[in-house]
2 protein chains.
Amino acid sequence: MDVFQAVADPVRRSMVERLARGEVTAGELADLAAERFGIRQPTASKHLKVLRESGLVTSTVDAQRRVYRLDPGPLDELAGWASRQTSFWTGRLDALERHLETDHDGSTP
Amino acid sequence: MDVFQAVADPVRRSMVERLARGEVTAGELADLAAERFGIRQPTASKHLKVLRESGLVTSTVDAQRRVYRLDPGPLDELAGWASRQTSFWTGRLDALERHLETDHDGSTP
DNA sequence: CCCGTACTTTGCCACAGGGCTATATAGCTG
DNA sequence: CAGCTATATAGCCCTGTGGCAAAGTACGGG
């Protein structure tokens with residue numbers, strides 16, 4: 001699944017926010033999601049799978065525990081995309097400037 | 001619908017990207033979406049409705065035409081959220097530093 | 001070696017939402 | 001006003017996805 005889709009779900013966003021504060025186990029993430037959204041552990045596990053497949057998180061095994069941590073890469077792409085859509089005029093302002101300075105109506109032949 | 005959901009769809013993202021280059025009519029957006037994704041006009045119109053309701057775009061009437069333009073606000077929020085999730089250590093580096101300097105293993109009683 | 005703990009996987013149901021066609025609405029234009 | 005253009009709505013399928021309970025897997029401890 002793609003990153004945009006992955007963060008479209010509030011449960012998964014909440015997990016990402018928690019992981020942004022540091023690594024945690026699947027169990028802790030499931031508990032948090034249970035508190036905040038009233039969902040069961042297997043459902044939380046499903047969300048973690050989506051996050052894994054989107055590349056937003058990685059997990060390592062520690063005995064029976066799975067420790068999850070955030071991969072900043074995809075989030076950077078997301079932030080990059082979003083800010084690029086608003087930064088059209090920055091970088092074009094010089095072009096606008098040139099345009100305004102240009103004799104484009106032929107008034108001074 | 002919420003902004004995260006709104007940009008989760010590739011068709012809508014494509015529309016946002018086009019709108020980032022400047023305002024356009026619903027018809028032009030529909031034509032673009034038709035080319036790129038093979039969808040029909042009513043479907044494109046539905047996507048525009050989602051974008052409107054998410055606050056990502058606004059539209060004004062010009063005779064029979066509807067002119068759409070991007071509202072940077074929601075995109076800024078999106079970019080802000082994403083970058084905030086990766087910027088944990090900036091601002092926490094001092095805490096890490098204190099941690100490393102602290103005698104937390106009791107080796108010097 | 002078996003039980004408890006920690007997760008994941010599986011199988012199921014329900015519903016949201018994306019696609020389509022057909023139809024409505026609104027405004028030019030002849 | 002008739003009819004064309006531009007866009008939105010309505011109504012309908014069908015797939016994807018989120019939720020659950022139950023079963024499977026893996027590991028450590030008594």
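Each chain gets a letter, A, B and so on, in the order the sequences are listed, and its residues count up from 1. Because the structure is predicted, anything quoted here is derived from the model rather than measured.
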| message | Taking Ala26(B)'s backbone N and O only, do any of them form a donor-acceptor pair with Arg66(B)'s side chain (distance below 3.5 Å, no angle check)? | response | no
| Mapping Gln41(B) and His47(B) to their closest nucleotides on DNA chain C, which lands nearer the 5' end? | His47(B)
| task | Would you indicate, yes or no, if dG18(C) has its OP1 or OP2 atom less than 4.0 angstrom from a side-chain nitrogen or oxygen of Arg12(B)? | result | yes
| Separation of Met1(A) atom CE from dG16(D) atom P, in whole Å? | 11 Å
| Donor-acceptor pair, Arg65(A) side chain versus Thr25(A) backbone, under 3.5 Å? | no
| Rounded to whole angstrom units, what separation is found between the NZ atom of Lys49(B) and the C1' atom of dT9(D)? | 7 Å
| Of all the choices, dG18(C), dA26(C), dC27(D), which nucleotide is nearest to the side chain of Ala63(A) once you look at every atom? | dC27(D)
| Any side-chain N or O of Thr43(A) under 4.0 Å from OP1/OP2 of dC20(D)? | yes
| request: Name the nucleic acid region contacted by Tyr68(B), choosing base, sugar-phosphate or nothing; use a 4.0 angstrom heavy-atom cut-off, strictly under. | output: sugar-phosphate
| field | Nearest-neighbour nucleotide for the Pro42(B) side chain, dA6(C), dA21(D), dT9(D) considered | value | dT9(D)
| field | Nearest-nucleotide comparison on DNA chain D, the residue closer to the 5′ end among Lys46(B) and Arg52(B) | value | Arg52(B)
| said: Using OP1 and OP2 only, check whether a side-chain N or O of Arg66(B) sits under 4.0 Å from dA6(D). | reply: no
| field | d(CG, Leu48(B); C1', dT9(D)) in whole Å | value | 14 Å
| message | Just the rounded figure in Å: distance from P of dA6(D) to CD of Gln64(B). | response | 7 Å
| said: How many whole angstroms separate atom CG of Asp62(B) from atom P of dA8(D)? | reply: 13 Å
| field | Whole angstrom value for the distance that separates P of dA8(D) from CD1 of Ile39(B) | value | 13 Å
| field | Closest-nucleotide 5' rank along DNA chain D - winner of Gly27(B) and Arg40(A) | value | Gly27(B)
| message | Would you compute the distance between atom CZ of Phe4(A) and atom CH2 of Trp81(A) and round it to the nearest 0.5 angstrom? | response | 5.5 Å
| Results of side-chain hydrogen bond (donor to acceptor under 3.5 Å, both in side chains) for Ser14(A) - residues two or more places apart only | Arg36(A)
| Glu53(B) CD to dG18(C) C1', straight-line distance once rounded to whole Å | 15 Å
| Taking only side-chain nitrogens and oxygens of Arg65(B), does any of them come within less than 4.0 Å of OP1 or OP2 of dC28(C)? | no
| said: What's Gln5(A) touching, base or sugar-phosphate or nothing? Going by heavy atoms closer than 4.0 Å. | reply: sugar-phosphate
| message | Salt bridge or not between Arg13(A) and Asp2(B)? Use side-chain N to carboxylate O under 4.0 Å. | response | yes
| note | From CZ of Phe4(B) across to P of dA16(C) the rounded distance in Å is 22 Å
